[in-house]
Amino acid sequence: MNVRLSIITPSLNQAIFAPEMLSSLKGQSYPDLEHIVYDAGSTDGVIDIWKKAENEGRLKLFVEPDRGQSDAINKGMRVATREIVGWLNSDDVLLPGALNAVAEAFSKNPNAVVVIGTGGRMDFKGNPIKIVPSSRLSVDRLKSAFEIIQPAMFFRRDAYWKVGGLDESLHYAMDWDLLLKLSKIGKVVKIPQHLA
């Protein structure tokens, strides 16, 4: 299973969340992971957290203004070098074994452009609020409902650019828009694993 992965993190003043997110990535112990952080110029100390992780060889940091989250993610995707990509916001976490499950799904489904697992929302104490299963996903249903936890969605980088990447005019529904576009050009694979 030699699947190379890139994770993009857009950031702005997320120091309260960044350590837990970084810990969740470190806990993956994934052998070929590239983590790219685009920070728009935070003033809450999170840049120091990113720099420490960069010095440990855990991420590549870029600090520059952006035109919003979609722009920052597209910037990260432009410098990403791995074939499979996803984005993990500063206030998101991946669950243990998530990246191995994603890599296995892409290995078993070479025609897949997207792999989606289940995910959940939690409160500030880490207590689950809502679990969002991918089992209800269908391309027809996707036209009217987005029942996916975005950090549980991974895709091929070439497919991402084939559909033009994220629409930078969208600041909240860009993940839904991206999945709709990707579903038109290739196979979407649902896996039962709880990823994020």
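Side chains included, hydrogens not; waters and symmetry mates left out as well; all remaining heavy atoms used.
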d(Thr81 OG1, Asp32 CG) to nearest 0.5 Å is 8.0 Å

Hey, any chance Met153 and Val113 share a hydrophobic cluster, counting ILVMFWY side chains that come within less than 4.5 Å of each other, even indirectly?
-> yes

Hey, any chance Phe17 and Leu95 share a hydrophobic cluster, counting ILVMFWY side chains that come within less than 4.5 Å of each other, even indirectly?
-> no

Atom CD of Gln150 and atom CE of Met174: how far apart are they, to the nearest 0.5 Å?
-> 7.0 Å

By side-chain hydrogen bond (donor to acceptor under 3.5 Å, both in side chains) - contacts of Ser6 (at least two apart) = Glu34

Judged by atom type as modelled, is there a donor-acceptor pair below 3.5 Å linking the side chain of Asn13 to the main-chain atoms of Thr43?
-> yes

Neighbour count above 12 (heavy atom, 6.0 Å) for Lys51 NZ = no

Heavy-atom closest pair (Ala105 atom, Ile191 atom, distance to 0.1 Å) is CB-CG2, 3.7 Å

Taking side chain as C-beta onward, heavy atoms only, is Leu99 less than 4.5 Å from Phe154?
-> yes

Trp50 side chain reached by Thr9 side chain, heavy atoms, under 4.5 Å = yes

Shortest non-hydrogen contact from Leu88 toward Pro151 | CD1-CB, 3.7 Å

Check: Ile84 and Arg156 side chains under 4.5 Å, non-hydrogen atoms = yes

Smallest separation among heavy atoms of Ala18 and Val46, with atom names | CB-CG2, 3.6 Å

To the nearest 0.5 Å, atom NE2 of His171 lies from atom CG of Asp71 at 9.5 Å

Would you say Leu25 and Arg58 make side-chain contact, with heavy atoms under 4.5 Å?
-> no

Looking only at heavy atoms, which two atoms of Ala103 and Tyr30 are closest? And how far apart?
-> CB-OH, 3.1 Å

Rounded to the nearest 0.5 Å, what's the gap from CD on Glu20 to CG on Asp91? Could you check?
-> 10.0 Å

Any link between Ile8 and Trp161 through a network of hydrophobic side chains (Ile, Leu, Val, Met, Phe, Trp, Tyr) touching at under 4.5 Å?
-> yes

Under 3.5 Å, side chain of Ser23 to main-chain N/O of Pro19, donor-acceptor pair present?
-> no

Does the side chain of Leu94 come within less than 4.5 Å of Gln28's, by heavy atoms?
-> yes

Which of Asn89, Val37, Asp66 passes side chain to side chain contact (heavy atoms under 4.5 Å, CB included) with Pro10? It is Asn89

Beyond-backbone contact of Val189 with Lys108, side-chain heavy atoms, under 4.5 angstrom = no

Roughly how far apart are Asp39 CG and Glu64 CD, rounded to 0.5 Å?
-> 10.0 Å

Side-chain heavy atoms under 4.5 angstrom apart, residues restricted to Ile, Leu, Val, Met, Phe, Trp, Tyr: same cluster for Leu33 and Val115?
-> yes

Checking side chain to side chain contact (heavy atoms under 4.5 Å, CB included) for the pair Val79/Lys60: CA distance, chi angles, key distance, verdict?
-> CA-CA 10 Å; Val79 299; Lys60 297 175 188 174; over 6 Å; no

Tightest non-hydrogen contact, residues Glu54 and Leu61, listed as OE2-N, 3.1 Å

Salt bridge or not for Asp158 and Lys162, using N-O below 4.0 Å?
-> no

Could you tell me the separation between the OG atom of Ser70 and the CH2 atom of Trp87, rounded to the nearest 0.5 Å?
-> 7.0 Å

Shortest non-hydrogen contact from Gln14 to Asp44?
-> N-OD2, 3.1 Å

Is there a chain of hydrophobic side chains (I, L, V, M, F, W, Y, each step under 4.5 Å between heavy atoms) that links Ile36 to Leu12?
-> no

Applying side chain to side chain contact (heavy atoms under 4.5 Å, CB included) to Tyr160 and not counting sequence neighbours gives Ile73, Asn74, Met77, Phe155, Leu166, Leu178

